[in-house]
Amino acid sequence: MGTLPTIIPNSRARFNNSQEFDVLPRVESCKSVREMKQIHAFMIKAKANRAPLSFRLLCAKITSVLQHVDLVSSKEIIFSYACFLVKLCGQNYVFNFNSIIQSLASCKNSFNATMGMYREMLLEGFFPDTYTIPHVLKACSESESLREGQQIHAYSIKTSLASNVFVKNTLMRLYAVCGIIKSVEKLFDEGPDRDLVSWTTLIQGYAKMDYSSAIDAFFRMNWIADEMTLVVVLSACSKLRDLNSGKKIHAYMDHHKIGVNLDVFLGNALVDMYLKCGQIDFARQVFDEMPTKNVVSWNSMISGLAQQGQFKKALDMFRMMQNMGLKPDSVTVVGVLNSCANLGMLELGKWMHSYINKSYIKADGYVGNALVDMYAKCGSIDQALEVFQAMKRRDVYSYTAMIVGLAMHGEARRALDIFSQMLKMGIKPDLVTFVGVLSACSHAGLVEEGRRHFEDMSRLYDLEPKTEHYGCMVDLLGRAGLISEAQEFINKMPILPDAFIWGSLLAACKIHAKVELGESAMEKLVEMEPSRDGAYILMSNIYSSANRWRDALKWRKEMKKRNIKKTPGCSSIEIDGMVHEFRKGEKSHPRSKELYKLLQVLTHQLRNYGLDQNFVWY
DNA sequence: TTAGGGTTAG
């Protein structure tokens with residue numbers, strides 16, 4: 001038995017209304033059911049137990065203890081104590097039950113406890129009212145317990161409680177989170193007494209799947225929106241990349257004098273909308289105007305910039321966030337790792353990895369997948385495998401990141417091994433997984449295996465191959481020298497071949513010196529992408545390889561005529577946490593002398609291995 | 001005494 005807390009110096013002291021508040025902090029600080037009982041005994045003694053405020057606080061405390069107790073038996077004891085209290089405290093039993101049900105429903109993962117208390121209420125012969133039902137439905141929505149929610153819905157109809165606007169709105173919310181939009185619409189259309197919450201819930205329901213309907217509903221609404229409604233509709237605009245509606249809503253906010261300075265959620269939603277719509281400067285302006293920023297505001301900027309391909313800016317934002325002394329969370333980490341992966345910043349990526357370990361962020365889920373991807377893209381394939389293998393839970397994203405990473409590193413066999421592991425684990429591959437699988441087959445020249453996987457896509461996994469997959473197959477057949485088969489494959493494609501497909505065929509023609517077929521592929525490419533430099537160079541090289549110098553020159557001249565410049569070869573190197581980019585012909589880097597020396601050494605080494613001229617920097 | 005909100009992937 002531990003030491004009991006001293007509740008009050010003199011328990012014989014008289015307890016009046018003004019002193020009641022002295023008890024409240026003590027209720028808040030007790031840590032076990034024993035301490036709660038002690039306080040409660042004191043309250044009974046002091047005749048304060050009938051005060052609703054104290055009772056509500058006691059309910060909240062019981063709830064919090066319930067949430068933190070691991071042992072089922074202890075939970076049961078506390079639960080029965082809660083029931084006992086409901087009956088003991090005051091005479092307004094329905095109110096007491098409502099209070100404790102509300103407290104329970106407001107906690108996470110409390111569905112069973114909430115429903116248990118609700119059942120207890122019914123068993124005791126008390127009738128739920130328009131306060132009880134919304135609390136219980138809240139718990140149902142949180143745990144997406146549709147069946148139980150539907151039972152409550154049926155009960156509400158039978159008892160006429162369903163006509164109450166609070167009941168109706170929470171029912172709408174239940175169906176909205178369960179994705180049953182028809183029921184949301186039906187409830188919304190039913191009653192005349194819909195309010196702003198009804199509209200927000202309807203918009204929220206649409207925003208789960210049909211973003212345009214969410215935006216339409218917003219503009220149909222005959223109430224002035226508040227911050228919550230605006231957040232929901234702005235989020236729909238972000239997902240739809242609908243800048244036009246997003247701007248209209250921003251103007252609406254200005255018109256109704258709803259500013260981002262009052263609500264951090266609204267500011268974050270606006271920043272996210274502008275970023276998703278590619279309006280970096282507007283996003284930055286809103287962000288700078290926000291007087292209060294939280295970790296989500298910074299995360300929105302970091303991940304939004306990364307999504308727009310502005311990886312350096314994303315990392316600058318991360319540095320600013322650190323300078324402000326804000327603690328990054330798992331979402332920040334994912335945005336930063338994504339930027340590191342795309343910039344090849346292995347050192348910063350490693351630093352993030354050690355930060356994750358130190359800050360007890362779980363390296364599973366999004367974070368684990370981002371780590372695997374970062375290591376794979378930064379060339380540390382073994383580290384990627386290490387993280388992948390240490391992950392407790394792996395999903396389709398984890399496996400795909402690993403498969404694509406291995407395929408990129410030319411480790412086709414290992415990529416295909418991971419793929420079969422994935423299937424054994426019962427994880428269904430998706431379209432991106434197959435890009436990895438097919439490119440692995442292509443790099444390793446595994447024609448038959450590639451063909452089989454391609455067929456399996458639709459046959460076993462109900463996945464319709466996209467142009468990337470057809471491109472991989474053309475590449476696979478082309479590299480293996482099966483050029484006419486590749487051509488036939490293109491002719492039979494059910495979708496229109498794009499530049500990627502013709503480019504693959506052209507590349508195969510280069511390897512296997514097929515001039516005529518190359519010419520026809522080139523014709524298509526010029527039609528589709530007249531200003532892309534790669535095809536002209538490939539075609540010119542095909543002619544050169546066939547000693548047709550005049551034709552080769554013709555294509556070079558064609559490039560000049562069309563004012564197409566060859567994209568300079570680009571490489572980057574990370575020194576002291578900074579990425580330095582070099583383009584062929586560039587001499588003006590601030591640390592060029594120092595780096596030039598380093599690059600000369602690298603170039604020399606590459607030449608020693610007989611590597612391609614493209615690796616030579618100037 | 002009650003209902004509705006934002007950021008993350010291959």
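Values reported hereafter were calculated over all heavy atoms of this structure, with side chains retained and with hydrogens, waters and symmetry mates removed. Numbers restart at 1 for each chain; the letters A, B, ... are given by sequence-line order, proteins then strands.
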task = May I have the distance from A:Met221 (atom CE) to B:dG4 (atom P), rounded to whole angstrom?
result = 17 Å

remark   = With the side chain defined as heavy atoms from C-beta on, A:Gln102 is closest, among B:dA9, B:dG5, B:dT1, to B:dT1

message = Is the distance from the ring center of A:Tyr211 to that of A:Tyr206 below 6.0 Å?
response = no

request  = Mind checking A:Asn369 for me? I need base, sugar-phosphate or nothing, with any heavy atom below 4.0 Å counting as a touch.
outcome  = base

inquiry  = So, does A:Arg173 get its side chain near the phosphate of B:dT2, meaning an N or O under 4.0 Å from OP1 or OP2?
reply    = no

inquiry  = Considering every strand and a 4.0 Å limit on heavy-atom distances, what is the contact class for A:Leu270: base, sugar-phosphate, or nothing?
reply    = nothing

request  = Give A:Thr332 one of three labels, base, sugar-phosphate or nothing, depending on what nucleic acid heavy atoms sit under 4.0 Å from its own.
outcome  = nothing

ask   = Looking only at side-chain N and O atoms, does A:Gln307 come under 4.0 Å of OP1 or OP2 in B:dA9?
value = yes

task = Check whether any side-chain heavy atom of A:Thr114 lies under 4.5 Å from a side-chain heavy atom of A:His135, and answer yes or no.
result = no

note = Rounded to the nearest 0.5 Å, the CG atom of A:Asn169 sits from the CG atom of A:Leu202 at a distance of 10.5 Å

task = Using atom CD of A:Glu227 as one end and atom P of B:dG4 as the other, report the distance to the nearest whole Å.
result = 16 Å

query = So how far is it from A:Tyr399 OH to A:Met391 CE, rounded to the nearest 0.5 Å?
reply = 9.5 Å

key: Validation row, ring centre A:Tyr274 to ring centre A:Phe287 under 6.0 Å   = no

task = Please determine, for the side chain of A:Val404, which listed nucleotide (B:dG10, B:dT8, B:dG5) has the closest atom?
result = B:dG10

remark   = Closest of B:dT1, B:dG5, B:dT2 to the A:Asp129 side chain is B:dT1

request  = Using only side-chain N and O atoms of A:Gln204, determine if any of them is under 4.0 Å from OP1 or OP2 of B:dA3.
outcome  = no

query = Do A:Asp226 side-chain and B:dG4 base share a donor-acceptor contact under 3.5 Å?
reply = yes

task = Measure from CG on A:Leu171 to C1' on B:dT2 and round the result to the nearest Å.
result = 13 Å

ask   = Are any of the side-chain nitrogens in A:Asp281 or A:Arg284 under 4.0 Å away from the carboxylate oxygens of its partner?
value = no

key: Distance flag, aromatic centroids of A:Trp199 and A:Phe188, threshold under 6.0 Å   = yes

task = Choose from B:dG5, B:dT8, B:dG10 the nucleotide whose nearest atom is closest to any side-chain atom of A:Val396.
result = B:dG10

note = Taking B:dG5, B:dG10, B:dG4 as options, the one with an atom nearest any side-chain atom of A:Tyr397 is B:dG10

inquiry  = Side chain of A:Asn98 only, heavy atoms from C-beta on: which candidate in B:dT1, B:dA3, B:dT7 is closest?
reply    = B:dT1

key: A:His353 side-chain N/O to A:Gly349 backbone N/O, donor-acceptor pair under 3.5 Å   = no

key: Selected nucleotide, minimal atom distance to A:Asn299 side chain, candidates B:dT7, B:dG10, B:dA3   = B:dT7

request  = Grab the CZ-P distance between A:Phe318 and B:dT8 for me, whole Å please.
outcome  = 17 Å

ask   = How would you label the contact of A:Asp329 with the nucleic acid (heavy atoms, under 4.0 Å): base, sugar-phosphate, or nothing?
value = nothing

ask   = Closer than 4.0 Å, any side-chain N/O of A:Lys362 to the OP1 or OP2 of B:dT8?
value = no

message = Classify A:Lys276 by what it touches in the nucleic acid, base, sugar-phosphate, or nothing, heavy-atom distance under 4.0 Å.
response = sugar-phosphate

query = Using a cut-off of 4.0 Å on non-hydrogen atoms, how would the nucleic acid contact of A:Ile203 be classed: base, sugar-phosphate, or nothing?
reply = nothing

query = Parallel under 30°, tilted from 30 to 60°, perpendicular over 60°: which one fits the rings of A:Tyr252 and A:His256?
reply = tilted

task = Could you check how far CZ of A:Phe434 sits from C1' of B:dG10, rounded to whole Å?
result = 15 Å

message = Which nucleotide wins on minimum distance to the side chain of A:Ser235, given the candidates B:dT7, B:dT2, B:dG5?
response = B:dT7

task = Please confirm whether A:Phe97 and A:Tyr118 have ring centers closer than 6.0 angstrom.
result = no

ask   = Going by number, which of residues 407-424 of chain A have a non-hydrogen atom under 4.0 Å from DNA chain B?
value = none

inquiry  = Checking contacts here: which listed nucleotide (B:dT2, B:dG5, B:dT7) is nearest the side-chain heavy atoms of A:Asp263?
reply    = B:dG5

remark   = Taken to the nearest whole Å, CG/A:Leu137 to C1'/B:dT2 is 11 Å

ask   = When we call it a touch if two heavy atoms are under 4.0 Å apart, what does A:Val296 touch: a base, just sugar-phosphate, or nothing?
value = base

inquiry  = Taking any heavy-atom pair under 4.0 Å as a contact, classify A:Thr229: base, sugar-phosphate, or nothing.
reply    = base

request  = Return the nearest nucleotide to the side chain of A:Phe95; candidates are B:dA3, B:dT1, B:dG10.
outcome  = B:dT1

ask   = Would you say the side chain of A:Thr200 and the base of B:dG4 hold a donor-acceptor pair, judged only by whether the two atoms sit under 3.5 Å apart?
value = yes

query = For the pair made of CG in A:Leu234 and P in B:dG4, what is the distance, rounded to whole Å?
reply = 20 Å

ask   = Within the modelled atom types, does a donor on one side and an acceptor on the other bring the side chain of A:Ser398 and the base of B:dG10 under 3.5 Å apart?
value = no

message = Is A:Asn338 close enough to B:dG10 that one of its side-chain N or O atoms is under 4.0 Å from OP1 or OP2 there?
response = yes

key: Distance in angstrom units between A:Met172 CE and B:dA3 C1', rounded   = 11 Å

